[in-house]
Amino acid sequence: MPRVTYIEFNGAEHTVEVPVGTTLMRGAVDNNVPGIDADCGGQCACATCHVYVDAAWLDKTGLPEPASQEATMLSFAAAAQPNSRLSCQIKMQQELAGIALRMPEGQH
Ligand code: FES
């Protein structure tokens with residue numbers, strides 16, 4: 001099963017297996033990885049699953065479509081950066097095996 005490394009703001013790393021087809025938000029929550037709140041349960045309506053995608057993986061995850069709901073939600077997220085994504089909007093694929101995601105300092 002492909003693995004994902006979630007990196008907390010303080011540098012603590014959590015590498016877990018995430019099934020293909022599962023969102024990267026769900027992969028964190030199901031494995032008790034701290035730092036992703038996911039208040040809306042994956043409905044792209046809270047931005048508390050905000051992550052920064054490591055540059056090496058951005059071409060595979062892509063960025064939110066301009067004016068999409070994800071882009072709109074990210075505009076409300078604290079400390080959004082050009083490599084920001086909502087982890088509930090990225091589904092695990094075999095090509096993402098080994099991806100690293102960094103968490104912001106807070107989700108509100
Ligand atoms: Fe709410 Fe991703 S879980 S926007």
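For the numbers below, each heavy atom of this structure counts, side chains included, while hydrogens, waters and symmetry mates do not. Note that ligands are numbered from 1 as they come in the structure, with each ligand's atoms numbered from 1 the same way.
- E70 has its side chain out of reach of E65: every pair of non-hydrogen atoms, C-beta onward, lies at least 4.5 Å apart.
- Alongside M73, the hydrophobic cluster contains L74, L86 (criterion: ILVMFWY side chains under 4.5 Å).
- The shortest side-chain heavy-atom distance between M92 and P2 falls under the 4.5 Å cut-off.
- Here the shortest heavy-atom pairing between C49 and M25 reads CB-CG, 3.9 Å.
- Counting only protein atoms, the N, O or S atoms lying less than 2.8 Å from atom 1 (Fe) of ligand 1 are C40 SG, C46 SG, ordered by chain and residue number.
- Screening T23, L24, L96, V20 for a side chain to side chain contact (heavy atoms under 4.5 Å, CB included) involving K91 leaves a single residue, T23.
- Residues V53 and L101 are in side-chain contact: their nearest non-hydrogen atoms beyond the backbone lie under 4.5 Å apart.
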